[in-house]
Engineer: 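One structure is given below, represented as C-alpha cells, and several questions about it will come after.
First the proteins, then the strands, lettered A, B, ... as listed; each starts at 1.
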Amino acid sequence: MNQTTPKKWHDWLADPAIFFYACLWLVVLVIAGTLAQPGIGLYKAQEIYFSSWFFPMGPVPLPGGRLTMAVIFVNLVIYLIFNASPKKNIGLYITHLGTLLLLLGGFLTAYFSSEGTMVIQEGGSSDYVSDYHAREFVIITPGSDEDKVTAFGMGWLKTGSILKHESIPGEIEILEAYTNCEARRRDTMDPSFKGLGSQYTIRPIPDNPQDEQNMYGFVAAFRGFGPNADGNYVFVEYQNDPTQVADKICVLRKKRTYVPFQIELIDFEKKLHPGTQMPKSYKSVVNLIEDGQKRRVVIQMNEPLRHKGYTFFQSSFIEGQSGGKDSTVLAAVKNYGRQFPYISSIIMSIGLLIYLMILVPRRRRVMQSKEG
Amino acid sequence: MNMKRLMTLIISLMAFSAVNASDASGREQALKAAAKKPMLHEGRIKPLDTFAQVNLLAIYGKRSIKKMEAIDWLLEAMFLPEASNERPVFDIRNNDVVNALNLETREGHKYSFTEVWPALRKNMDFLRSAFNKPSEERDLVEKQMLELYGNVSRFIEIAESLTFLQPRFYLSNEVLASRFGLQAEEKASFYYFSKKSDVFAAYLGEMQVKSEEELDANDLEVVKLAQALDAERRRVTTEILKIIPPEGAAKDQLWGYPWELLRKPSRTTQEDAFLDAWAAIYRSYVHDEPLDEALLDQTFAIYFSPDSELEKAHIDLEVWNNHANLFYKSLAFYILSFILLIISWAAWGTWMKRLSLGSMIVGTFLHAFGILLRMLIMGRPPVSTLYESIIFVGFISVFCAIIYEIVKKNSLGIFTGVVLGSILHFIGFSYAADGDTMGMLVAVLDSNFWLATHVVTISIGYGCAFVAGLIGHLYLFFKIFKPEGKERLLTLSKNMVGSSLIALFFTLFGTILGGIWADQSWGRFWGWDPKENGALLIVLWFLLLLHGRVSGIMRDNSFAFGLVINNIIVALAWFGVNLLNVGLHSYGFTDSIAMNLLLFCGFEFLIGLVGYVWARAKTPV
C-alpha cells in the first residue's frame, strides 16, 4: 500500500486488525462460556456469553457474542465490497464470501428458528411442539367447536406484573414469581387461597444448571372473575390437575407451538446393545395425519421426518410406568437458516482449494527462479 | 534399505509363525482353543482372549503376568481355584488402602484373592457407605476400595463360571460309587453327576420302598450328595461368561452362560457336546491331556455358519491382533528412526538418514496395519473413540511428515514425524490401559458415514495442527541458537504459514462437518457445547494468527509463539473438554489425564513464553 495515499473510511473498517481483535475477543468469550458451563449449565452460559449483545462483568458491560460477530460481519462485508481484489486472489475472495454466508446463516438461525419437543405416548397423538425453555401461562375458555386460548409469555411472569387482556374478564396480579421452586404442603389450610394454593405453598430454590429441570411457579391474585373465583392462586409447572377459575382453565406450562398436522405414535421400538444398558437404536413408527389423510412414517436416529418446514428427530423416550406404554420424545426444529452452512462450506472449500492450487505453483515458480 | 526390509520381513515371519506354531503340550492346546472361543461381553462379540486381557488389565494393571498370558490366568481361575486364589494379581497401589485392609505393605503392590477377600469382607460397612455416596463426594480411598471390591467380585464371577467341571464330589462306599461309574473316594464334577440323573432316579425309587429304619448310611450318603449338588446349583449365580451363542448366532440376541445349561432339567445332545468340549479343554489344561482339536472344531462349527454374526466378528483376527502388539512395534521403529537420525548428524550422514527414513516408514506401516485391523474387526471407521483418535492422529502426523520429508529431504520431516508419532503412541498406551479399546458406541455415534468424514477430518486437522506447533517450536529454537542461519529460518517461517493453512483447512471443515452431522442427527448445527467450542477455538486461533500476520500485528517470533500456544489449545480441545462432562460430547475421562494435561499445558506455555522473549532479544530491530 502506498504510504502517501491517505486511508479512506473503508480502509479503516476493512482492516484485518479489526478482525484480529474481534477474533481474539471471541476466543476469550468461547473460553469463558465453556468454563462456565459445568457451573451454570449450557443454556445459561449460552444466553450470557454467546447469544447476548452485552453482558455485565461487575459494573462494566462487555461485548457479548452477537456484538462481536456483528463487528466481524461488518468488517467482512466492507472488505469484500471495497478492499478485496478478486482478480488478484480469487480463491481467498471466494473463501471470505463463504464465511459471510455462514455468518448470515447463523444470524437467521439465531432469530428465526425454534426448537422444542413433542412427546407422544404409544397409541396417542400430538399436534403441538413444547419449547425447551420458554414457559407460558395460558387461560383457556373451552368452547363447543374450539377452545379460546390466551397465552402470556415469560416476560409477563414476573413479580408485580399485571396480566390483562380483552379475552379475560378481570385482571391477574403476580404477587411472587420464581424460576425454580418447590411445593410444600401447608400446615393449616389458607382460606384466602383457592384451588391448589389452599393446601400447598411454594418457595424458591436455586436454579438447576439444566434449565429444563427447573420448575417455574408463581402466586397470583385474581380479581374480577366473579365472587366465587376471585382470590389468590398458586401455579406450578407439572400440576396434575389444571386450575379452574370460573369457567376458565389456567395452566402454567412450557410454551406450545401448534403445528398444522398431527403425529400419532403407533409403535416405539428401542434396541440395546445385548447384555448392556447402552442404547443401540430407537425407532418411532408414526402416522402423519393431515386433512384427514394418514401416512405411515418411520422416525429413527439419523433419519428424521421433514414436513412443512419442521424437522422431527428421534431424540429419546420415556419408559412406560410399570410396564405401561412407552412415550417417544421427538425433537422438533424449525430452522430458516438451515441451508446456509451447507452452501457456505461448499463455497469455502472451493475457495480454499483454489487458493492453495494457485499458491503452490506460484511458490514453486518463485523457488525455481531463485534456484535458477 | 534392502537389508532393513529383509530383516523386517524375517522378524515379522518369526512373529507370525510363533503365534501359529502347533505345540504338542495339551495345556498349550487348551490355551489356544480357549483363546479363540467367542463370547458376548459389553455388547460385543469378542474372543475369550480379549475378555481375559481386559479383565487382567483391570485387576493387575497389565495384559499379562510376566510370562503368563491372560488366557492362562483366566483358565487357571476357572479350573484351578486353589492355585489361582493364591496368585498375587490384585494391584493395590495406594498404601492407605493397604493399611485400611490391614494388609502388609509390599513392593510390587500385588495381593492374592485369599489375602484380599476376607479383608474386604471385614470392611463391608465402609464399602456400603462409600457406595451410597454420590461419586463426586467419595474420597480417593473410598473410590479405590470400591474399585478393588468391584475387581474382586468380578474375579469371583469369572472363577465360578465353569465350576461344574471341577471334580468336587465323591462317594466313599465302593458299591455305591460303582453304580455311578466311579471308584470309592474318586472325585467327579457336578457336570459328571448331572449326566447320572437316571442313576439317582433309580436309587430314589429303591429308597422309597424302604421303611425309615431300613435306611442305612449309604442311603444317607446319596441323599447328602444330592443335596450338595442341589446346593451348588443354587449357590452359583455368575452370568458373566456368555459363551453360548443364541439360535443361529443371530444379531442383537443375548448369549447364554454355561450354568444356564446345567440348571435346565434336560439338555439337548448339542448342548451336551458343547459342555463335553469344555470338559475336554479342562482335562487338557489341568492334566495336560492331548486335545482333539478336530472334534472341538466340529462341535463349534455349527455356530460359524456364513450368515451368523460370528463370521463378521473376526474372532481369529482379533486374537492375532491381541498378541501382535503392532503399536508397540511401531513405536520401536519410530524410536530407532530417531536414534539413527541423531547418528546421521555425527557420521555417515546420507546412509543413516536413509535408514532413519526407512525405519520410520516401517513403523508407519505397522501403525497403519494396526489401524486397518481394528477397522476390520470392529467394522467401522478408525476414529470412533478418544483412544482411536489418538492412534489415528499419530498416524496422520507421521504420514504427512513422511511426504514432507520425501519432498524436502531436510530431516525436518523425520524429526517431526517420529516425535509426534512416538508421543501419541505413549498417550495411546495410557488410554489403552483403561480397558477394552474396542467398545460399542451409543446410538447417536453409530453412523459410519459421519464417523468417516467429520471425525477423520478433525483428526487430520489435529495432526496437522501439532505439526504446525512443532515447526513453531523449531523456529524459536533456531532463532535463539542459530540466528545466523537465515536460509533455514526463512524456510521455517514459510513452513509455519503453510502448515497453519493446511491445519486450518482441515480443522475448519472438520468443524463444519461436525455441525452438519449434528444438524442431520438432532436438528441443531451448533450447540456451543464444550467439544464444539474446543474445535471452534482451534479454528479461531489459526484465523487469529494468520490475520495477525496479514495485518502486520504479528511477525515470525509472535507467530511461532502463537503456534506453541496452539498446541495447548488443541490438547485442551481434544482431551480437556471431556473433563468438563457437559453436553452431548462427553465420552472418556480419567483422573490421571487431567494431571498430565495440566503438566503438558504448563510446560508448553513456559517454553513458548521463554522462547518468544529470548527470540525477540535475538531479533535485530
Side-chain angles (χ1 to χ4, degrees), chain A residues 15-21 23-24 26-27 30-31 33-35 37-38 41-42 45-46 49-51 65 102 105-106 109 115 209 271-276 278-282 301-302 304 311-315 331-333 335 337-338 340-342 344-345 348-349 352-353 355-356 359 363, chain B residues 40-45 239 242 246 251-255 439-444 446-447 449-450 494 498 501-502 504-505 508-509 512-513 515-517 519-530 533-534 536-537 540-541 543-544 547-548 550-554 569 577 580-583:
Chain A
D15 197 338
I18 293 183
F19 175 75
F20 178 82
Y21 290 111
C23 192
L24 189 59
L26 206 53
V27 166
V30 171
I31 294 176
T34 308
L35 292 176
Q37 285 182 27
L42 199 141
Q46 193 173 329
Y49 294 98
F50 305 126
S51 309
L102 195 65
T109 305
E115 285 185 330
K271 268 199 220 168
L272 297 173
H273 283 299
T276 68
M278 234 201 306
K280 186 171 181 194
S281 64
Y282 303 140
M301 303 300 281
N302 297 317
T311 313
F312 292 93
F313 298 87
Q314 180 67 67
S315 173
V333 176
N335 184 357
R338 225 189 128 244
F340 280 81
Y342 295 89
S344 93
S345 49
M348 277 199 278
S349 51
L352 265 172
L353 277 173
Y355 177 64
L356 286 169
L359 189 72
R363 284 264 165 100
Chain B
L40 177 70
H41 180 239
E42 290 176 345
R44 182 168 81 90
I45 299 173
E239 297 178 11
K242 291 186 170 57
K251 205 174 169 189
D252 291 338
Q253 297 292 318
L254 201 58
W255 285 38
M440 299 309 283
L441 297 176
V442 289
V444 72
D446 217 345
S447 155
F449 174 74
W450 291 112
K494 289 211 195 100
L501 279 169
I502 296 176
L504 174 64
F505 179 83
L508 181 61
F509 285 101
I512 292 180
L513 281 173
I516 294 178
W517 183 8
D519 179 58
Q520 293 282 327
S521 287
W522 53 80
R524 183 194 290 164
F525 181 82
W526 193 259
W528 297 109
D529 83 32
N533 288 350
L536 179 65
L537 267 175
L540 288 178
W541 194 257
L543 287 174
L544 192 74
H547 285 81
V550 161
S551 65
I553 297 176
M554 294 177 94
I569 294 180
V577 289
L580 291 177
N581 263 330
V582 178

Engineer: Can you tell me how far CG of A/L42 sits from CD of A/Q46, rounded to the nearest 0.5 angstrom?
Structural biologist: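 Answer for the CD-CG pair, A/Q46 versus A/L42, is 6.0 Å.
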
Engineer: Need one label for A/Y49: side chain, backbone, both or neither, based on atoms under 4.5 Å from any heavy atom in chain B.
Structural biologist: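 Neither part; nothing is under 4.5 Å.
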
Engineer: Heavy atoms, side chains only, cut-off 4.5 Å: are B/W526 and B/N533 in contact?
Structural biologist: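 SC-SC contact between B/W526 and B/N533 confirmed.
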
Engineer: Taking every non-hydrogen pair under 4.5 Å, which of B/I502, B/I569, B/V550, B/L40 racks up the most with chain A?
Structural biologist: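 Ranked by heavy-atom pairs under 4.5 Å with chain A, first place is B/L40.
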
Engineer: Counting only heavy atoms closer than 4.5 Å, note whether B/L501 contacts chain A via side chain, backbone, both or neither.
Structural biologist: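 For B/L501, side-chain heavy atoms alone lie under 4.5 Å from chain A.
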
Engineer: Tell me which of these, B/L513, B/L537, B/I512, has more heavy-atom pairs under 4.5 Å with chain A than the rest.
Structural biologist: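 Of the options given, most contacts go to B/L537.
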
Engineer: Give the intermediate values and the outcome of side chain to side chain contact (heavy atoms under 4.5 Å, CB included) for residues B/L543 and A/F19.
Structural biologist: CA-CA 9 Å; B/L543 287 174; A/F19 175 75; 4.0 Å; yes

Engineer: Which atoms of B/I553 come close to chain A, meaning under 4.5 Å heavy atom to heavy atom: side chain ones, backbone ones, both, or neither?
Structural biologist: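 Side chain only.
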
Engineer: At what distance, to the nearest 0.5 angstrom, does CH2 of B/W255 lie from NE2 of B/H41?
Structural biologist: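 Separation between the atoms: 13.5 Å.
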
Engineer: Can you say whether B/F505 sits under 4.5 Å from chain A via the side chain, the backbone, both, or neither, judging by heavy atoms?
Structural biologist: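 Contact with chain A is through both the backbone and side chain of B/F505.
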
Engineer: Between B/I516 and chain A, with a heavy-atom cut-off of 4.5 Å, which part of the residue counts as in contact: side chain, backbone, both or neither?
Structural biologist: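 For B/I516, the contact with chain A is made by backbone and side chain together.
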
Engineer: Please look at A/S349 and chain B and tell me whether the side chain, the backbone, both or neither of the residue comes under 4.5 angstrom of a heavy atom of that chain.
Structural biologist: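 Backbone plus side chain of A/S349, per the 4.5 Å heavy-atom cut-off to chain B.
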
Engineer: Where on B/L536 is there a heavy atom nearer than 4.5 Å to chain A: the side chain, the backbone, both, or neither?
Structural biologist: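 The side chain, not the backbone.
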
Engineer: Taking side chain as C-beta onward, heavy atoms only, is B/F509 less than 4.5 Å from A/M348?
Structural biologist: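 Yes. Closest side-chain heavy atoms under 4.5 Å.
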
Engineer: Is it the case that the side chain of A/Q37 and the backbone of B/W528 share a donor-acceptor pair, with hydrogens and angles ignored and the cut-off at 3.5 Å?
Structural biologist: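 Indeed, once roles are kept as given, a pair shorter than 3.5 Å links the two residues.
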
Engineer: At a heavy-atom separation under 4.5 Å, does B/L504 approach chain A through its side chain, its backbone, both, or neither?
Structural biologist: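 Looking at B/L504, nothing touches chain A.
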
Engineer: Drop me the distance from A/I31's CD1 to B/L540's CG, to the nearest 0.5 angstrom.
Structural biologist: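 Between A/I31 CD1 and B/L540 CG, I get 9.5 Å after rounding to 0.5 Å.
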
Engineer: Does the side chain to side chain contact (heavy atoms under 4.5 Å, CB included) test come out yes or no for A/F340 and A/L102, once each step is laid out?
Structural biologist: CA-CA 6 Å; A/F340 280 81; A/L102 195 65; over 6 Å; no

Engineer: For each of A/L272, A/L26, A/T311, tally heavy-atom pairs with chain B at distances under 4.5 Å, and name the one with the top tally.
Structural biologist: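 Between A/L272, A/L26, A/T311, the count favours A/L26.
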
